[in-house]
Amino acid sequence: MSSASDPLVGLAGLPGVADSVDSVRKAVDRVYGHRVMRRRSGEITSEAALRGARGSAALSGADWALEEVRRRTDFGAEPEALTVGAALRLTAEAGQLLSIWRQSPLRVLARLHLVAVGSTAEGDVVGRPRLAGEPVAEPLVEAPLPTADEVAGRLDGLSRIVIAGGSAPALVTAAVVHGELLALRPFGSYNGLVARAAERIVLINSGLDPKAICPAEVGHAEQGAEAYLAAFEGYLSGTPEGMAAWIGHCGRAIELGVRESTAVCEALQRGAA
C-alpha cells in the first residue's frame with residue numbers, strides 16, 4: 001500500500017466500488033431511520049456489539065452460538081473461550097478509543113492488542129509490533145508474513161493516512177485499515193480480532209455508523225471464512241480488481257450487519273426481544 005498523499009481516493013474510483021459505497025450508505029440510512037432507533041438505540045448498540053464480537057471470534061476459530069456468548073461469564077484458559085473473551089473486550093474497548101484514533105492510530109492499535117490479550121499478557125511482547133524472529137499465532141491467515149522492518153514502515157504509512165484524513169469514503173478507509181492490518185499481522189497474536197476492531201473504529205469515527213449499530217463482523221462471519229480469505233487474497237494482490245473485490249466484500253459485510261440489526265429492531269418492535 002502506498003503512503004502517498006490521500007492514496008485511498010483512487011481506490012474509490014475502481015470499478016464497482018462506487019456502487020458498493022452507495023449501497024452501504026443506503027442500507028445504513030435505512031436502519032438509522034427505523035422507528036425503534038428513536039427510542040431504543042442503546043439496546044440496538046449493545047446487541048450489535050455482542051453479535052459483532054461473536055462474528056469476529058468465529059472467524060478466529062471460536063464459532064460459538066450467540067446465546068452461548070450471551071450467557072457465559074467465564075472466558076478462562078481454554079483457547080476458544082480466550083478468543084471469545086478477547087473479541088468481547090475489543091468490541092467494548094473500541095468505543096472508548098474514538099477520540100484517540102485520528103491523532104494516534106498506532107497507540108490505539110497497541111491498546112487494542114493489550115485489551116485482546118488481557119490477563120494472559122506475558123512480558124514485553126504485548127501491545128507492540130513484533131520484532132524480527134518473533135512468532136505470530138494467527139489461526140485463519142496463512143499468507144507469508146512481512147518482515148518486522150516492513151511492518152514498521154507500513155504501519156507508519158497507515159498511521160499517516162489516518163491522521164491526514166482525506167475524502168475517501170468510510171467504506172474504502174475501513175476496508176484498507178482492515179486489510180492492511182490483516183496483511184501485516186503486526187502483533188504476536190489476535191491480529192484478526194484487532195484488524196476487525198480497527199475496521200469498526202473507522203466506521204464509527206467516520207460518521208457512517210456513529211451509534212455502532214452496523215456490525216461488519218457479523219457480515220464477515222456470515223459470508224464465511226472461505227469467502228473472507230478469497231477476498232483478502234485480492235487485497236494482498238494489490239491489483240485494481242483484487243482491491244475492488246476486497247472493498248466490495250467489506251461493503252457486503254456491513255450490509256449484512258445492517259440486516260442483523262434491522263432484525264433486532266423488528267423483534268423489539270414486536271416485543272419479542
Please determine whether a side-chain nitrogen of the Lys or Arg among [X] and [Y] lies less than 4.0 Å from a carboxylate oxygen of the Asp or Glu.
X: Arg196; Y: Glu199; value: no
X: Glu68; Y: Arg72; value: yes
X: Glu150; Y: Arg154; value: yes

Is [Y] reachable from [X] through a run of hydrophobic residues whose side-chain heavy atoms are each under 4.5 Å from the next?
X: Val258; Y: Val218; answer: no
X: Val177; Y: Leu98; answer: yes
X: Leu145; Y: Leu158; answer: no

Take Phe232 and His178, measure what ring pair (Phe, Tyr, Trp, His ring centres under 6.0 Å) needs, and give me the verdict at the end.
CA-CA 10 Å; Phe232 177 58; His178 181 172; 8.1 Å; no
Side-chain contact, heavy-atom cut-off 4.5 Å: [X] with [Y]?
X: Tyr235; Y: Leu182; answer: no
X: Arg160; Y: Asp156; answer: yes
X: Gln103; Y: Ile163; answer: no
X: Val202; Y: Trp101; answer: yes

Least distance between heavy atoms, [X] atom then [Y] atom:
X: Ala198; Y: Leu112; result: N-CD1, 4.4 Å
X: Ala12; Y: Pro169; result: CB-CD, 3.6 Å
X: Leu8; Y: Ile161; result: CD1-CG2, 3.9 Å
X: Ser56; Y: Glu217; result: N-CB, 3.9 Å
X: Ala58; Y: Asp63; result: CB-OD1, 3.6 Å

So with a 6.0 Å cut-off around [atom1] of [X], is the heavy-atom count from everything else above 12?
X: Glu142; atom1: CD; result: no
X: Arg70; atom1: CZ; result: yes
X: Arg35; atom1: CZ; result: no

Got a donor-acceptor contact below 3.5 angstrom from the Tyr190 side chain to the Ala87 backbone?
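A pair under 3.5 Å: no.
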Could you check Leu90, Leu97, Val194 and say which one makes a side chain to side chain contact (heavy atoms under 4.5 Å, CB included) with Arg111?
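Only match with Arg111 under side chain to side chain contact (heavy atoms under 4.5 Å, CB included): Leu97.
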Is the ring pair His113/Phe187 parallel, tilted or perpendicular, if the boundaries are 30 and 60 degrees?
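His113 and Phe187: parallel rings.
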